[in-house]
Every structure is written in structure tokens, then in C-alpha cells.
Amino acid sequence: MARFYITTPIYYVNDAPHVGHAYSTVNADALARWHRLIGDDTKFLTGTDEHGQKVADAAAHNSMSPREWTDVTSQRFREAWAALDIRYDDFIRTTEPRHYETVQKFLTAVHDNGYIYKDTYQGLYCVSCEDYYTLESSDEGRCPIHGRVLTEMREENWFFRLSAFEDRLLALYETHPQFVTPETKRNEALAFIKGGLRDISITRTSISWGVPVPWDPDHVFYVWYDALINYLTAVGYGREDDETSTWWPHSHHLIGKEILRFHCVWWPAMCMAAGLEPVSHVQVHGWLLVGGQKLSKTMAAEGGVKLTDIAPVMLTDEFGVDAVRYYLLRETSLGNDGDFSHEGITARYNTDLANNLGNLVARVTTIVASKCDGRGPAPEVDSELRDAAQTAIIDTALAWNRFAPSFALEATWGLIGATNAYLERRAPWKMSPGEELDAVMGNALEAIRLVAILASPAMPAVSANIWWRIGLEGTPSDEEFAQSATWGRYRGAGLIEKGQPLFPRIKAVVE
RNA sequence: GGGGCCGUAGCUCAGUGGUUAGAGCAGGGGACUCAUAAUCCCUGGGUCGUGGGUUCGAUCCCCACCGGCCCUACCA
């Protein structure tokens with residue numbers, strides 16, 4: 001049996017969950033649902049990143065311990081994912097004991113292998129940012145954000161010998177051309193490696209809210225170094241319940257483009273240093289832009305679109321869970337930036353969901369209910385709709401398999417369009433009850449059944465609803481794709497009734 | 001400052017070293033009336049950011065520029 005292990009980034013708890021987080025998570029969830037559908041043994045991991053000075057400060061500001069604070073903030077993500085029908089198999093928190101154990105095991109291995117050494121970190125520090133800059137990344141010794149002169153600081157740190165992995169990373173990219181997708185992002189990572197790698201400081205003494213360094217308890221690991229390892233924590237690396245060999249390295253990290261360097265350069269090097277094969281695939285996606293602008297705290301501070309204006313729950317309240325999922329998956333191709341707008345989601349909702357899909361189900365169920373005694377007739381073996389169905393099945397499957405949800409949904413919607421056109425040609429509403437009418441309606445119902453299956457990774461609830469409406473038992477994902485997604489299997493057992501519209505049209509709001 | 005990405009029809013986006021560059025939506029015309037004033041058919045049309053270069057031929061390769069953006073060691 002094939003296995004599929006997919007992860008999202010773990011989200012920094014200081015942020016409130018917003019549509020950007022939802023974008024990553026919905027994509028990962030849909031991909032996981034697709035692989036479950038085709039029968040893969042699937043594991044879907046998400047979670048929260050809870051260490052670092054910012055978190056400790058926020059906790060103090062709210063008069064809580066870091067643990068109490070992260071209990072609250074981590075929970076917000078679980079709630080957001082519940083609202084979006086995210087079905088993760090594991091939710092990891094970096095403050096969990098299992099994570100401490102894996103991180104310490106992993107980094108001890110790196111240490112034992114000679115890739116960690118102690119040195120003095122000299123950095124330029126910005127008091128406003130509370131962070132270090134390199135001379136190159138500064139604006140001629142000034143903070144690029146605040147413009148103030150950076151002060152030179154020194155700290156005893158443990159360093160990771162990243163520079164030792166340049167050749168091995170290049171070899172990895174050479175022998176695994178699919179390590180990073182899409183290709184433009186792969187090239188970006190490759191260019192960075194070719195530009196030369198420097199060793200990196202991976203511990204801090206000035207911070208206490210982190211994973212202690214086992215061989216030097218005055219230090220904690222810097223937040224990124226423990227964060228990346230979460231992907232291994234979840235498979236039990238270095239612990240009694242170790243399932244690493246089951247899920248690793250044939251796994252997939254879905255990440256946003258801004259953390260490409262961590263995942264495509266440091267992380268494989270860290271794995272190599274620990275004596276572990278790197279993850280096999282990193283799928284990079286772009287950003288959602290609001291009116292062409294990045295979603296950011298800065299923008300909110302400047303009075304632009306606020307993140308809280310587009311919290312996931314506000315969208316699901318307005319459009320429904322599956323419509324939001326559909327929009328996030330359909331609107332932009334994974335890997336490129338996309339535009340997020342209220343107009344955009346409204347347009348997708350009305351055209352793709354209400355007019356095409358919802359209306360198709362409504363018109364078919366109406367005719368069947370009134371002219372076929374409410375029982376779904378069987379489809380024809382050689383219907384002219386069959387070719388369109390086959391095409392949609394193949395193209396949809398190929399697209400999901402190559403991490404391209406937008407193309408998958410486009411292919412699925414091709415069958416919806418073909419079915420609407422088919423009904424126009426045959427005009428069953430002009431037919432009298434009988435064999436001809438039954439055949440047409442059976443074919444249409446079969447197409448709808450297939451659409452429900454094909455759309456189920458993106459819209460699990462609506463797909464199940466359609467399944468029920470056309471008189472079928474269970475849900476579209478009960479049976480493996482290879483068996484269920486073949487033309488001619490429709491056999492409605494239950495009565496077919498029209499019911500309420502799946503997607504009531506949304507009137508344009510004049511602003 | 002350094003590295004990188006993007007710039008394609010009104011809008012949102014696909015796409016390719018080679019005959020007339022695509023889809024959806026919006027717009028225009030027609031058909032139909034089962035359906036959520038939905039659907040179906042036809043249709044408009046864009047110097048593929050600008051200027052060079054390589055090539056028999058470039059929107060796609062190279063260089064420069066303009067514009068937008070990302071990374072530069074905490075932001076999907």
C-alpha cells in the first residue's frame with residue numbers, strides 16, 4: 001500500500017489564524033483527503049510553533065506563563081481548523097514532551113556526528129526589532145526596518161556546520177529533481193546554495209523559552225531549529241514509538257514561499273547531519289494578496305485591510321465551509337501568488353457553485369422527482385456523457401497527484417459543464433416518462449455521482465450532501481477511487497427529492 | 001546593499017523555442033424554460049511590461065530598464 005505523509009508548516013502562535021494560514025492548511029487537507037480516497041495510507045500533520053522570545057513576551061504581557069498562554073493561542077488554530085473541516089491526523093505543539101525528546105535526540109545525533117560546534121556569535125542587534133542582522137542584511141549598519149544604528153553584540157553560541165553540506169545539497173538537488181516543486185522555487189533554492197552557505201547559530205542563552213540543549217543546559221535551541229524537527233516528532237523519531245521508517249523519507253512538506261530557505265536548504269542539511277535521509281518533497285506555494293497587497297501586520301498597522309477582517313471563520317459564516325475551501329483551492333494555482341478578494345470569492349460562489357454545480361443538481365433532481373417517480377434510473381453504458389466523464393476522472397486524478405488542486409477542480413468542473421450541455425441537447429423536460437427519459441436522467445445522475453467523488457477532497461460536506469440527494473448510501477469517499485470512479489455504477493436506492501438549494505445565490509452587496 | 005520571483009484579453013489567471021496565444025468571469029447577440037432570472041450556443045479580441053540581443057523563428061532563452069513582490073536568518 002502506498003503511503004502519503006503530508007505536513008503544513010507549524011504556525012507561530014503569536015499570530016491569530018487568518019486566511020493565509022487557512023490557505024496552506026486547506027491545501028494540505030485536500031491533498032490528504034485525495035490520497036485517502038485513492039486508498040493510500042495517509043498521515044496529515046499540522047500544529048503550532050510555540051517557542052521564542054516573542055511568545056514569552058506576549059505571555060508576560062498577558063500575565064500568564066508561556067505554557068498557559070500557548071494553551072490559549074494554540075487552541076485558536078484548532079478551532080479555525082475545525083471550522084474549515086480540516087481533518088488532520090495529528091496536531092503537534094512544539095512545547096509537548098514528545099517534541100523535546102525528539103529534538104534533543106535529533107540534535108544530539110548531529111552533535112555526535114561533529115556538525116555542531118561552539119563559537120562566539122557576533123551580530124548587529126536592533127533593539128527595536130529585538131533581533132540580529134548581518135552586515136549584508138543591514139542597511140549599511142542601520143536597521144532596514146527602523147533605520148537606527150545597530151549595536152554590536154556578542155554571544156557564545158552553538159553553531160551548525162551548514163557550510164559542510166554545500167556539495168551534498170547540490171548532489172541532492174541533482175539526483176532528486178522533484179525535491180522542490182514548482183521548478184521556479186527549486187531554482188531559487190538552488191541559486192541560494194550555489195551562492196555559498198555559512199554556518200548558522202542555533203542556540204541562545206538570552207532566551208529561556210525553548211528546548212534546552214542536552215549537552216549544555218544554559219542554552220536553548222533557537223526557535224527555527226526546534227521547529228523544523230516537528231515533522232520527525234510526529235513520526236516518533238528517536239522515541240519508543242518510532243515510526244520514522246514507515247513515514248520517512250517519502251513525505252511531503254507543504255510550505256509558503258517565504259520559508260523556502262529553511263525547508264529547502266537547512267532542513268535537508270540537518271537531516272543529513274543527523275544521519276537521516278532528507279524529506280523527499282517540498283511543495284512550495286505562493287501568497288494570497290489582498291487587492292494586490294500582502295497580508296501582513298505592517299499593513300494592518302498602516303490602516304490597510306486588517307487580518308481580522310478576513311479571519312477564516314468570518315468567511316465560513318458568510319459563504320459556508322465548502323465554498324471557502326473551494327475558493328482557496330480553485331482560485332490560484334499552487335506555487336504562484338494569488339489574489340484574494342470578497343468580489344472574487346463571491347463570483348466563484350455564484351458561478352461555479354450556485355449556477356453550475358448547485359443548479360445542475362437542482363434541475364436533475366427536480367425532473368427525476370417529478371417524472372421518474374423519484375427513483376434514480378440507471379445510466380447507459382455507452383452514453384455520450386461517458387467520454388466527458390472519463391476525461392474528467394483522468395485529468396482530475398492527474399492534477400491531484402501532482403499537487404495541483406486548482407487544475408483538479410477545473411477538470412472536475414468540465415464534467416459539470418458537459419452535463420449541463422448534455423441536458424440542453426436532450427431536453428428531458430420535453431420527454432414523457434419512459435425509457436428515453438430514464439436513460440437521460442440516469443446518465444445525468446451518474447455524472448453527478450462522479451462529480452461528488454471527484455470534488456470530495458475539496459468539498460467533503462457538500463459532496464456527501466449531493467451523494468445523499470441522489471439517493472446513495474454513505475459518502476463519496478466510502479469506496480476506493482479506482483472502483484467508484486468508473487462510469488456506469490450509479491444505482492440510487494433512496495428516493496430523490498429536490499431539497500433546498502445547495503448554494504443559494506449571493507446578491508452583490510453595494511458598498 | 002546582496003540574492004530571487006513576477007509583469008499575458010476589462011477582471012482573475014493558465015500556457016508554449018515555431019502554423020491564426022488560451023480558460024473562467026464580466027460585455028454583446030441568440031436559444032431554451034427542467035432549474036437557484038439558472039442553463040446552452042455564438043461572439044468580441046491582447047504590440048504576451050519597455051528596449052535591445054541570441055535564433056531561420058521568442059510571449060517563452062540572454063542583457064538592461066520600468067513596475068509589483070519575496071528572502072536576507074521570528075510572518076501561510
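Per chain, numbering begins at 1; letters A, B, ... match sequence-line order.
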- prompt: Yes or no on side-chain hydrogen bond (donor to acceptor under 3.5 Å, both in side chains) for A:T205 and A:H219, after CA distance, side-chain angles and deciding distance?
  reply: CA-CA 5 Å; A:T205 51; A:H219 290 69; 5.2 Å; no
Notebook entry, point to check: Going through the checks in order, is the side-chain hydrogen bond (donor to acceptor under 3.5 Å, both in side chains) test met by A:T70 and A:R93?
Noted result: CA-CA 9 Å; A:T70 56; A:R93 300 180 55 189; 3.3 Å; yes
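Within residues 329-338 of chain A, the residues that place at least one heavy atom under 4.0 Å from RNA chain B are, in residue-number order, A:E331, A:S333, A:N336, A:G338. Heavy-atom distances under 4.0 Å link RNA chain B to A:E424, A:W429, A:K430 of residues 422-447 of chain A, given in residue order.
For A:Y225 and A:W266, the distance between ring centers is under 6.0 angstrom.
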Using residues 399-413 of chain A as the side-chain source, report each donor-acceptor pair under 3.5 Å to any protein atom, sequence neighbours left out, with the distance given to one decimal.
{"residue": "A:N401", "atom": "OD1", "partner": "A:W34", "partner atom": "NE1", "Å": "2.8"}
{"residue": "A:N401", "atom": "ND2", "partner": "A:A397", "partner atom": "O", "Å": "3.3"}
{"residue": "A:T412", "atom": "OG1", "partner": "A:T396", "partner atom": "OG1", "Å": "3.0"}
{"residue": "A:T412", "atom": "OG1", "partner": "A:A408", "partner atom": "O", "Å": "3.0"}
{"residue": "A:W413", "atom": "NE1", "partner": "A:D352", "partner atom": "O", "Å": "2.9"}

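Rounded to whole Å, atom C1' of B:G2 lies 14 Å from atom CD of A:E188. At whole-Å resolution of the value, CG in A:L190 and C1' in B:G4 are 12 Å apart. Atom CG of A:L260 is separated from atom C1' of B:U72 by 13 Å (rounded to the nearest Å). A straight line from CG of A:L360 to P of B:U33 spans 19 Å, rounded to a whole angstrom. One atom, CZ of A:R186, and another, P of B:G4, lie 16 Å apart when rounded to the nearest Å. At whole-Å resolution of the value, CD in A:Q53 and P in B:C75 are 16 Å apart. In this entry the distance linking CH2 of A:W287 with P of B:C69 reads 13 Å, nearest Å. Atom CG in A:L385 sits roughly 17 Å away from atom P in B:U39 (whole-Å rounding).
Distance check on atom P: B:U72 versus B:G51 gives 35 Å, rounded to whole Å. Nucleotides B:G44 and B:C32, compared at atom P, are 23 Å apart to the nearest Å. Across the C1' atoms, B:C75 and B:C65 are found 32 Å apart, a figure rounded to whole Å. Rounded to a whole angstrom, the distance from the P atom of B:C62 to that of B:C6 is 10 Å. For the P atoms, the distance linking B:G7 with B:U59 amounts to 15 Å, nearest Å. The gap from the C1' atom of B:U39 to that of B:C25 amounts to 16 Å, rounded to the nearest Å. Atom name C1', nucleotides B:G3 and B:A73: the rounded distance is 14 Å, in whole Å. Taking atom C1' in both B:C48 and B:G18, one finds a spacing of 16 Å when rounded to whole Å.
One can find a donor-acceptor pair under 3.5 Å joining the base of B:A35 and the side-chain atoms of A:N359.
Minimum atom distance to the side chain of A:R363 is reached by B:U39, of the listed B:U39, B:C6, B:U12. The nucleotide whose nearest atom lies closest to any side-chain atom of A:R505 is, among B:U12, B:C70, B:U36, B:U36. When distances are taken from the side chain of A:P501 to each of B:U36, B:C5, B:C70, the shortest belongs to B:U36.
Taking the centre and axis of the six-membered ring of A:Y173, the NZ or CZ atom of A:R186 falls outside the cone set by 45° and 6.0 Å. For the pair A:R261 and A:F192, the cation-pi criterion (under 6.0 Å, within 45° of the ring axis) is fulfilled.
The CG atom of A:L445 lies 13.5 Å from the CZ atom of A:R469; values are rounded to the nearest 0.5 Å.
Residue whose closest nucleotide on RNA chain B sits further toward the 5' end, between A:D199 and A:G417: A:G417. When the nearest nucleotides of RNA chain B are assigned to A:A347 and A:G256 by heavy-atom distance, the more 5′-ward of the two goes with A:A347.
The shortest distance between the side-chain N/O atoms of A:N355 and the OP1/OP2 oxygens of B:U39 is below 4.0 Å. An OP1 or OP2 oxygen of B:C75 is reached within less than 4.0 angstrom by a side-chain nitrogen or oxygen of A:W224. The phosphate of B:U39 (OP1 or OP2) has a side-chain N or O of A:N356 nearer than 4.0 angstrom. Between A:R261 and the phosphate of B:A73, there is no side-chain N or O to OP1/OP2 separation shorter than 4.0 Å.
Residues meeting the salt bridge (Lys or Arg N to Asp or Glu O under 4.0 Å) test with A:D395, sequence neighbours left out: none.
In this structure, A:H21 and A:Y11 have perpendicular ring planes: the angle between them is above 60°, well past the 30° mark. Ring-plane geometry between A:Y88 and A:F44 is classed as perpendicular, the angle between the planes exceeding 60 degrees on a 0 to 90 degree scale with a lower cut at 30.
At the heavy-atom level, A:F407 lies under 4.0 Å from the strands shown only through sugar-phosphate atoms. Residue A:A354 is classed as a base contact, given a heavy-atom separation below 4.0 Å to a base. Base engagement by A:G358 is indicated by at least one non-hydrogen atom pair under 4.0 Å involving a base atom.
A donor-acceptor contact shorter than 3.5 Å is absent between the side chain of A:H285 and the backbone of A:Y23. Side-chain atoms of A:R449 do not come within 3.5 Å of backbone N or O of A:I470 as any donor-acceptor pair.
Counting only Watson-Crick and G-U wobble pairs whose two distances sit under 3.5 Å, RNA chain B takes part in these stems of three or more pairs: B:1-7 with B:66-72, B:10-13 with B:22-25, B:27-31 with B:39-43, B:49-53 with B:61-65.
None of A:L502, A:I416, A:L415 except one satisfies the side chain to side chain contact (heavy atoms under 4.5 Å, CB included) rule with A:L360; the exception is A:I416.
Among pairs with a residue in residues 356-373 of chain A, those fulfilling side chain to side chain donor-acceptor pair (under 3.5 Å) read A:R363-A:N420, A:R363-A:E424, at least two apart in sequence or across chains.
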